[in-house]
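For reference, the structure discussed in these notes is given below.
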Amino acid sequence: MSWHLFAVFFASTFFISATPGPNMLLAFQYGMNYGVKRTLWTLAGLSLGLFVLLLSTLLGLDVISRQSPWLLTIIKAVGAAYLIYLGISSWRDAGDGSLMSDAKELSAEVAADYAVSDGAPSTLQPRSLSSAATKIAPSNTTLFRTGVWVSLSNPKAILFFAAFFPKFINFSVPLWPQYVLLTIGLFLSETIWQIVYTLGGKKLASWLDVGNRLAWLNRGCGVIFIIIAAALLAEVLNSFMV
């Protein structure tokens, strides 16, 4: 992988990671509820879950590229279609909701799921955004476990990785050095934004919820998805013409 291609990959993932998905919303909500120091346990859990999903995707691509190259072409085509779908969805749904309300909704869903799975009242009850309203903070283990659970509970991440990564991988040269670079780039992007969302709190939510800022952030991601999809489709078509 050339450094130019890695720079494009990092810029794309950095911009996409800025959008308030489940991981970022959890970091945002817990940062305000439990403080930055306690939320680091949740961030560690989010990172572990992300690593498991990422490793599963890369191992799958590695096996397919060696044993069934034709299937890799199909994955690129299907991945391009999926990215186009994500791009259109991101653009059309950009105006829905706000960062603050989405974070509250995610917190309520996590609490409800824990209550059902444990068969008892959950310690992760939805809380007011005021830290003074937090009466009983969950243990560090629970915070870590919540991060892992939220990260792994999004199987669409594997589908996204499988669609997104092939554009930045040269399957004709050694793969693992490229995998290491992709992993470092993705984790760096995610970690930076998780910390920003944890530290940013109300200031970040207030800034993004003004006017159409959050909407245009989502629309920007939609454009990136479609551009990468177009590049993948160009590769697929070129493989048939050679």
Side-chain angles (χ1 to χ4, degrees), residues 1 5-26 46 49-97 102 106 109 150-172 175 178-179 181-183 185-190 193 214-241:
M1 174 185 291
L5 188 60
F6 176 77
V8 174
F9 169 79
F10 181 77
S12 301
T13 54
F14 188 78
F15 191 82
I16 292 170
S17 295
T19 58
N23 288 13
M24 300 306 165
L25 290 174
L26 189 70
L46 291 171
L50 180 66
F51 179 76
V52 171
L53 295 178
L54 179 59
L55 182 62
S56 301
T57 304
L58 292 177
L59 288 176
L61 290 175
D62 184 58
V63 172
I64 290 171
S65 66
R66 287 186 287 105
Q67 298 184 2
S68 305
W70 59 271
L71 185 55
L72 184 61
T73 301
I74 295 178
I75 289 176
K76 288 182 178 181
V78 174
Y82 179 63
L83 290 176
I84 291 174
Y85 165 76
L86 287 180
I88 295 174
S89 298
S90 296
W91 187 278
R92 293 179 60 183
D93 300 337
D96 296 343
D102 289 346
L106 176 65
E109 290 177 359
V150 168
S151 192
L152 292 178
S153 65
N154 183 21
K156 291 181 181 179
I158 293 181
L159 189 58
F160 171 74
F161 291 153
F164 191 80
F165 280 6
K167 177 62 192 80
F168 300 97
I169 299 174
N170 183 354
F171 291 94
S172 62
L175 296 178
Q178 300 179 76
Y179 292 166
L181 282 177
L182 290 173
T183 301
L186 181 65
F187 265 84
L188 187 58
S189 298
E190 287 285 316
W193 282 111
L214 185 58
W216 281 108
L217 177 62
N218 285 315
R219 287 169 182 161
C221 288
V223 171
I224 291 177
F225 291 148
I226 292 175
I227 290 174
I228 294 176
L232 276 173
L233 287 177
E235 287 185 7
V236 172
L237 293 175
N238 187 59
S239 67
F240 286 113
M241 296 174 65

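By the neighbour-count criterion of 12 heavy atoms within 6.0 Å, atom CZ of F171 is densely surrounded, having more than that number from other residues, nucleotides or ligands.
Listed for the S12 side chain is a donor-acceptor partner under 3.5 Å among the backbone atoms of V8. Here the side chain of E190 pairs no donor or acceptor atom with the backbone of S17 at under 3.5 angstrom. The closest donor-acceptor contact from the side chain of W193 to the backbone of M24 lies at 3.5 Å or more, if one exists at all.
A heavy-atom distance below 4.5 Å is found between the side chains of L54 and F187. With a 4.5 Å cut-off on side-chain heavy atoms, L58 and F161 do not count as touching.
In terms of heavy atoms, I64 sits closest to L72 at CG2-N, 3.7 Å. Residues T13 and F164 come closest through the heavy atom pair CG2-CE2, 3.7 Å. Nearest heavy-atom pair, G79 versus L232, reported as atom, atom and distance to 0.1 Å: C-CD1, 4.5 Å. For the pair F225 and L83, the tightest heavy-atom approach, listed with the atom from each and the gap, is CB-O, 3.3 Å. Taking both residues in full, the closest heavy atoms of L50 and S151 are given as N-OG, 3.0 Å, listed atom of the first, atom of the second, then distance. Between A163 and Y82 the shortest heavy-atom distance is CB-CD2, 4.1 Å.
From I226, atom CD1 reaches atom OH of Y85 across 13.0 Å, with rounding to the nearest 0.5 Å. Atom CD1 of I158 and atom CG of L53 lie 5.0 Å apart (nearest 0.5 Å). Taking OG1 from T183 and CG from L188, the interatomic distance works out to 12.0 Å, rounded to the nearest 0.5 Å.
The six-membered or imidazole ring of F10 lies away from that of F15, with a centre-to-centre distance of 6.0 Å or more. Checked against a 6.0 Å centroid threshold, the rings of F165 and F9 count as neighbours.
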(request) Evaluate the side-chain contact (heavy atoms from CB on, under 4.5 Å) criterion for residues L233 and I84: first the C-alpha distance (whole Å), next the side-chain angles of each, then the deciding distance (0.1 Å), finally the verdict. (result) CA-CA 11 Å; L233 287 177; I84 291 174; 4.2 Å; yes
(message) Run the side-chain contact (heavy atoms from CB on, under 4.5 Å) test on Y179 and L61 for me, step by step, so that the C-alpha distance in whole Å, both residues' side-chain angles and the decisive distance to 0.1 Å come before the verdict.
(response) CA-CA 10 Å; Y179 292 166; L61 290 175; 4.3 Å; yes
